[in-house]
Amino acid sequence: MTHSLNTFGLEWTPELDEFLSKNLHTFSAVEIIPENFLEGRFSNFLDLLRETQIPVSVHGVSLSIGSADTLKTAHLREVLKLIQGLNVHSYSEHLSMTEIGGIQFDALTPLAWTKSQLDLVCDRISEIQGYLSTPFLIENVANRFVIPRADFKEVDFINSVIRRTGCGLLLDVTNVFTNSLNFKFNPETWLDSVDLSAVRAIHLAGGFTDTDGFLMDSHDNRISDEVWGLYSKVMARSTGVMTIIERTGNLPDYAELIGELDQAAVISGARNIQTRPGSPVEANL
Amino acid sequence: MSIDAFQKSLATLVRFPELSFDSVLAGLEPGSLTDQERYSLSLLSRDPLVRKFGNKMQFLRQREAQSVMRLSLEHLPQELLNILYLEHFEPSRLSSDPLWVGVEFLNFLINYPVCRDLLIDSPPYVIDLIKYDHAKAYATRHVPVESDSALPENSLLNYGKFVIVSLGSDVPTYDRAKWNGDVGVKHPLPKDLTMLFLPSHNSPFYRTFQIDEEVASFLATQRENPSAWNRALPSHYAGMVKIGLCKETVD
């Protein structure tokens, strides 16, 4: 099964541009935030992705799929034009909102887990899927607060979205752990409840504990042992998953980043982090 | 649509963390929230995590805005900046893209009467520093559009996006002194000059030129007539550097 292979990579950031450009052969996957490449920015890296045909996770940050605004079709078309020619593994967006009615939140803001919100998100995702020829994934976010008086638990809301739209899940294991600490629930129970068969990609990252004890998903620290433990449980039940490490601040030695990817590969039983779907190495497995 | 009103109310709470629940409700049409949404919103208005989130985002926006004030920041009291940013700029800029909030804030400082009034006691070079910072931030964040084949090769006009700044102070010299760590230079000296700032294909870098009044006037006129960009241009405006109509002053 060609597509049963797990792949591993880093999220591209401007700070990692040179490293990733020179060492792309080291990885079996890479993630880009398309908004970083609009208006011609860093087009050399996109050219490299086209040339190498490495599987790419396209991870959007500004479609605001949970907001009641109309879909930003111009932006979506612009992104789709940008990623033409790439070997796109999936297009993902956060299950959240970033703006409503012209008001910017400037960050991923949690949704109300209500019936009306569920209808809205499902309609929005179906509309987006109409534009895509690749799988669309939703990502669970680190909640900065939780909107009370919900009709669903978060995990049931996510499962409902997956069931109704057929979209996949970009499972951010760090966000599950972060939310479990901040809002007092058992992350293993959460993972037992979520539809793991929908997981196509995974995010791992490290954060820090704020002065008030709130754990922040800041992508600027090593991945914690607890998150590795949860990742291990997920990978024991998943296959054909792209694992992406997000490191957007406080960059360590590159060896540390590669070491974390190696750790992910070992946990998931992969031979190494380089083997790509369809490669000769995979054919011999 | 009820969820629309709920989300807008939540956004208002996040953007204005000090606002009371009653104040948020006052901005809504009666009956636009369900009982469930109304109760949820009342709880959110008292939730310290919502307030913390809103304050954090506001702090980050202001920090981003001030991050592009490379030369002007140290000549403006933080207390005055807080008044200008938090009381005047922030409430009127609900849709600012985080990437552009610095450029928009500097533009606000240059152009809005309330800022001119509050800056009236500042030395005259302060507004020049703000203009210079604005032009630099604008050029840094823009990437040139693709070359228009109707224009001569290497024409600066190919860039489409540019800023022309007329200064009464020698800010470029002051900038270089700051860059070289010359602590003896406290502020720019008086000098009239006009500068052109261009984005660079190698973002986030940019190019600056000292230009004469003729070129400044030509460019300003062209910008006000976007449809004229595709017309054939006088040849002596193409590649202004090459033919010496302007001189590159700063890398």
Side-chain angles (χ1 to χ4, degrees), chain A residues 14 17 35-44 61-62 64 66-70 75 96-121 123-124 142-151 179 182-183 210-216 218, chain B residues 1-16 27 34-54 56-62 64 93-101 141-147 160-161 199-204:
Chain A
D17 182 61
E35 285 79 359
N36 284 328
F37 295 86
L38 294 175
E39 299 176 17
R41 290 185 173 84
F42 302 103
S43 57
N44 288 349
V61 294
S62 49
S64 195
S67 78
D69 291 339
T70 54
H75 175 77
S96 68
M97 58 179 166
T98 53
E99 62 180 281
I100 173 69
I103 308 175
Q104 288 277 350
F105 286 103
D106 297 328
L108 305 170
T109 303
L111 303 178
W113 302 318
T114 60
K115 292 170 188 165
S116 55
Q117 180 69 73
L118 177 65
D119 290 342
L120 190 155
V121 167
D123 289 348
R124 177 59 41 82
N143 295 311
R144 306 297 286 268
F145 54 89
V146 167
I147 297 176
R149 307 291 288 178
D151 298 325
N179 289 338
N182 292 337
F183 299 103
D210 210 348
T211 50
D212 59 359
F214 203 82
L215 186 58
M216 303 298 291
S218 49
Chain B
M1 187 177 176
S2 176
I3 194 167
D4 180 68
F6 175 77
Q7 291 184 345
K8 283 178 181 164
S9 303
L10 175 59
T12 306
L13 276 179
V14 170
R15 286 301 295 243
F16 304 102
T34 64
D35 289 345
Q36 181 187 18
E37 289 168 336
R38 185 186 168 92
Y39 185 60
S40 174
L41 208 59
S42 74
L43 294 175
L44 286 167
S45 70
R46 300 193 293 273
D47 186 340
L49 289 177
V50 174
R51 182 166 294 195
K52 178 187 173 188
F53 178 53
K56 177 76 173 175
M57 289 301 104
Q58 192 173 67
F59 168 79
L60 291 176
R61 280 191 298 275
Q62 186 173 4
E64 174 63 24
R93 290 293 186 281
L94 296 177
S95 62
S96 286
D97 181 335
L99 184 67
W100 287 94
V101 68
R141 276 155 182 74
H142 263 299
V143 175
V145 294
E146 290 177 15
S147 278
K161 302 283 186 184
S200 162
H201 279 291
N202 193 18
S203 175

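If you're wondering where the values come from, they're calculated on a predicted model, not measured in any experiment. So that the names make sense, note that chain A is the first sequence line, chain B the second, and so on, each numbered from 1.
- Note that CG of Leu111(A) and CD1 of Ile3(B) are 8.0 Å apart. Values are rounded to the nearest 0.5 Å.
- Nearest heavy atoms, Pro148(A) versus Ser40(B): O-OG, 3.1 Å.
- With sequence neighbours left out, the side-chain contact (heavy atoms from CB on, under 4.5 Å) criterion links Thr109(A) to Met97(A), Phe105(A), Phe145(A), Leu10(B), Phe53(B).
- A 4.5 Å side-chain heavy-atom check between Gln117(A) and Phe6(B) finds every atom pair outside the cut-off.
- For the pair Glu37(B) and Thr114(A), the minimum side-chain heavy-atom distance is 4.5 Å or more.
- In terms of modelled atom types and a separation under 3.5 Å, the side chain of Gln7(B) and the main chain of Asp69(A) share no donor-acceptor contact.
- Between Asp106(A) and Arg15(B) there is a side-chain heavy-atom pair separated by less than 4.5 Å.
- Other residues, nucleotides and ligands contribute at most 12 non-hydrogen atoms within 6.0 Å of the OH atom of Tyr39(B).
- Counting non-hydrogen atoms of neighbouring residues, nucleotides and ligands closer than 6.0 angstrom, the NZ atom of Lys52(B) exceeds 12 such neighbours.
- Atoms CG and CD1, from Asp4(B) and Ile100(A) in turn, are 4.5 Å apart once rounded to the nearest 0.5 Å.
- Looking at heavy atoms from C-beta onward, Arg144(A) lies in side-chain contact with Met57(B) at the 4.5 angstrom threshold.
- The contact between Arg61(B) and chain A is made entirely by side chain atoms (from C-beta outward), counting heavy-atom distances below 4.5 Å.
- The local environment of CG in Asp35(B) is sparse, with at most 12 non-hydrogen atoms from other residues, nucleotides or ligands closer than 6.0 Å.
- With sequence neighbours excluded, the residues that form a side-chain hydrogen bond (donor to acceptor under 3.5 Å, both in side chains) with Ser62(A) are Glu35(A), His75(A).
- Looking at Val50(B), the atoms closer than 4.5 Å to chain A (heavy atoms on both sides) sit in the backbone and in the side chain alike.
- Only the side chain of Asp212(A) comes within contact range of chain B, with heavy atoms under 4.5 Å apart.
- At a threshold of 4.5 Å between non-hydrogen side-chain atoms, the residues Gln104(A) and Arg93(B) do not count as touching.
- Of the atoms belonging to Asn44(A), not a single heavy atom falls under 4.5 Å from chain B.
- In plain terms, the two heavy atoms of Lys8(B) and Ile103(A) that are nearest each other are O-CD1, 4.4 Å.
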